[in-house]
2 protein chains.
Amino acid sequence: MRFHSPAIQYFHAVRRTGSIRAAARVLNVASSAVSRQILKLEQEVGSPLFERNARGLTLTTVGEMLARHVMNVLQDLDRFRSDVASLSGTWHGTVSIACIESLTESVLPELIASHRGRARRVSFTTEVKGSSDVLEALSRGEADIGIAMALRHPPDLRQVALKRFRLGAVVAREHPLARRKTVTLAQCLAFPVIHALPELSIYHLLQPLIAQLSETPEPAIQANSIDLMRELAARGVGVAFQTQLGIGRLSRDSQLVFLPLDNAGSPVWSDLGIYVRAERTLPAYTESFLQELVRELGERERRENAAYPQVS
Amino acid sequence: MRFHSPAIQYFHAVRRTGSIRAAARVLNVASSAVSRQILKLEQEVGSPLFERNARGLTLTTVGEMLARHVMNVLQDLDRFRSDVASLSGTWHGTVSIACIESLTESVLPELIASHRGRARRVSFTTEVKGSSDVLEALSRGEADIGIAMALRHPPDLRQVALKRFRLGAVVAREHPLARRKTVTLAQCLAFPVIHALPELSIYHLLQPLIAQLSETPEPAIQANSIDLMRELAARGVGVAFQTQLGIGRLSRDSQLVFLPLDNAGSPVWSDLGIYVRAERTLPAYTESFLQELVRELGERERRENAAYPQVS
DNA sequence: TATAGCCGTTGCCGAAACGGCAGCAACATG
DNA sequence: CATGTTGCTGCCGTTTCGGCAACGGCTATA
């Protein structure tokens, strides 16, 4: 089912690989063929699409415009294919997800497992990244669904849903703070804390609040792995900060205690956004999973906010 | 700038014309070439795209799916072209509008004139249709922007804006009702009325209200031309029903008087919707006009509702 | 400074795709 | 039954495409 001129696909491959020869290897054709198609495209458009650097090609402004168009075409072709396939009863395809680490402990594995239980022919690709990298991967068409901290998102992305979860302190069961219902940041800073490095978005949530406090914090550990921070907290090394989503199993096993943060009487929210390329209609199987994802996150949001009602 | 395989464009032409030979004439190629491209497409997709009737071709289900994809591709290609053109400073293209008759008296001509005053290189195509035909033309990709009564719209269309205007009685200056501020339907029906035929959406707005009244109405005139109804009312033939949008000049010349309808104490609204294909990003020049259209209609809505405040 | 390894591009040539022409059968209309 | 129109199919010249080998430009390394 290849009714689009090869130029389109060649261009797409060159953009992704950043090199004509590399694209040719991926496409299983001679590099000369790729080169000629690109040159022909540039002649048709009337403007160069790539800047030829010594070590590969970079998109020009016009090239980026064409890349957007080509992405729209190829993604819509995917959708068309899945539409035709679903007509004859066969649901198959791959859902590609880019998400931040907090989802990997329980939300995503459970959802994927349950979904594959019902739709065996749908496969998944998931890539864990930082929030801004998630949005970038989505913009570049390298993922279908993105889950990231709800920062300002580029206009070519659409925020399908926005779920807010309470940020809290995470301590071991034996920790002195563990008997409290909620904690303030100041109370936490009296103990050794496990800080997130700036590449994690928790850092940007907490930093402004910490800056307001004038106290000298206890010596702290810094890490960029949520998994590591969680395990450190479980071993009583210190106080970590997370949403309850990121704790998961250790919380159920009662090794960890989650204490909602209380910032001058109001909760500290961590906003989770679900994103999709705006100029795109998702294939049916992707849309189906997306709906489940939104529903599940909404369900968790509801449950957590019921368990820890407003401080005020 | 034709970097899409001919099959795409041929298919699109065949779909629009409903015949291979007609498409070939439009495309300036031999009919055999078109026929072969369609056959090749069907082979690639693995399913017939058209039903061959004796007198032309009709889309199959799969064909309609492909038509949707092809429409997305070609419309997005248009957008890409306009993006590239605007990069080199030249804004040009054609905005195609499908709308109902009430817009043709003042809103649309003024907007188009003012827009062309600023952007000389943008041309316009406008087609006046009934509300449901407007939506259909939009779905088929025969128009960029649709303005119609806000009925339920198909899911492949997006309602960009919804503006409500008061439905009112329209009478000549000398008409006995002309001195009133508002009128009820019952008061109107005491006089000869000019009814809309079912093909106009005013009919569907008024019919349920008329059905509630048990009175025997005066002998009425029925028409399907808003222009005709307006001119009839201006000549004192009877009471017509319209939104103020549809009166325009004759109202400014004080030949006609607009009397908002009062239905058991509440206004009768006529909802005007502005529509666009959902799976599409508009070219910049089209988007620009669309914004002006929405703004202008919003402005009129505001002015009218200020002139005729709530009845209650 | 010389060399090896990439890079994109180009000439050449066989293969594949495309399009035009004329003619076919099928069907509708009168 | 004649006529017109429909889509389809051999045949054939033209265009396009892709593979191979080679060239010049560049970087990194010895």
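Naming convention: chains lettered A, B, ... in sequence-line order (proteins, then strands); numbering from 1 in each chain.
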K.L.:
From the options C:dT9, D:dG7, D:dC26, select the nucleotide whose nearest atom is closest to the side chain of B:Ser35.
P.N.:
D:dG7
K.L.:
Determine: side-chain N/O of A:Gln37 to OP1/OP2 of D:dT16, distance under 4.0 Å, yes or no.
P.N.:
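Answer no for this pair, as no side-chain N or O of A:Gln37 is under 4.0 Å from OP1 or OP2.
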K.L.:
In a check of side chain to side chain donor-acceptor pair (under 3.5 Å) between B:Arg277 and each of B:Asp156, B:Asp144, B:Asn72, which one passes?
P.N.:
B:Asn72
K.L.:
Side chain of B:Arg36, base of C:dG20: donor and acceptor closer than 3.5 Å?
P.N.:
yes
K.L.:
Between A:Met149 and A:Tyr275, which heavy-atom pair has the shortest distance, and what is it?
P.N.:
O-OH, 4.1 Å
K.L.:
With a 4.0 Å cut-off on heavy atoms, is A:Leu39 in touch with a base, just the backbone sugar-phosphate, or nothing at all?
P.N.:
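Sugar-phosphate, backbone atoms only, no base.
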K.L.:
Inspect the contact between A:Arg68 and B:Asp83 and indicate whether a charged nitrogen and a carboxylate oxygen are less than 4.0 angstrom apart.
P.N.:
yes
K.L.:
When you measure from the side chain of B:Ala54, which nucleotide among D:dC8, D:dC17, C:dA28 comes out closest?
P.N.:
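Comparing D:dC8, D:dC17, C:dA28 against the side chain of B:Ala54, the answer is C:dA28.
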K.L.:
What is the distance, rounded to the nearest whole Å, between atom CD of B:Glu44 and atom C1' of C:dA17?
P.N.:
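For the pair B:Glu44 CD and C:dA17 C1', the rounded distance is 12 Å.
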K.L.:
Please state how far atom CG in B:Asn53 lies from atom P in C:dA28, giving the value in whole angstrom units.
P.N.:
10 Å
K.L.:
Got a donor-acceptor pair under 3.5 Å from the side chain of A:Ser32 to the base of D:dC20?
P.N.:
yes
K.L.:
For the pair made of CG in A:Asn28 and P in D:dC20, what is the distance, rounded to whole Å?
P.N.:
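It works out to 12 Å between those atoms.
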K.L.:
Which listed nucleotide (C:dT10, C:dG19, C:dT9) is nearest to the side chain of B:Pro6?
P.N.:
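The nucleotide sitting nearest to the side chain is C:dG19.
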K.L.:
Could you check B:Leu157, B:Ile145, B:Asp133 and say which one makes a side-chain contact (heavy atoms from CB on, under 4.5 Å) with B:Leu138?
P.N.:
B:Leu157
K.L.:
Is any side-chain N or O of A:Tyr10 closer than 4.0 Å to OP1 or OP2 of D:dG18?
P.N.:
yes
K.L.:
Rounded to whole Å, please give me the gap between CD in B:Glu51 and P in D:dC8.
P.N.:
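Between P of D:dC8 and CD of B:Glu51: 13 Å.
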K.L.:
Please state how far atom CG in A:Leu41 lies from atom P in D:dC17, giving the value in whole angstrom units.
P.N.:
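Computing the A:Leu41:CG to D:dC17:P distance gives 10 Å.
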K.L.:
Reading DNA chain C from 5' onward, which residue's closest nucleotide shows up sooner: B:Arg21 or A:Ile20?
P.N.:
A:Ile20
K.L.:
I need the NZ-P distance between B:Lys40 and C:dA16, as an integer number of Å.
P.N.:
15 Å
K.L.:
5'-most contact on DNA chain D: A:Ala33 or B:Leu57, nearest heavy atom basis?
P.N.:
B:Leu57
K.L.:
When you measure from the side chain of B:Arg55, which nucleotide among D:dG18, D:dT5, C:dG8 comes out closest?
P.N.:
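Per side-chain heavy atoms of B:Arg55, the pick is D:dT5.
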K.L.:
Tell me the interatomic distance from B:Leu27, atom CG, to C:dC18, atom P, rounded to whole angstroms.
P.N.:
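Checked: the CG to P distance equals 15 Å.
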K.L.:
Using a cut-off of 4.0 Å on non-hydrogen atoms, how would the nucleic acid contact of B:Phe50 be classed: base, sugar-phosphate, or nothing?
P.N.:
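Touches nothing.
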K.L.:
Do A:Glu127 and A:Lys129 sit within salt-bridge range, that is, some charged N less than 4.0 Å from a carboxylate O?
P.N.:
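Yes, A:Glu127 and A:Lys129 are salt-bridged.
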K.L.:
C:dT10 P sits how many Å from A:Arg52 CZ, rounded?
P.N.:
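Computing the A:Arg52:CZ to C:dT10:P distance gives 9 Å.
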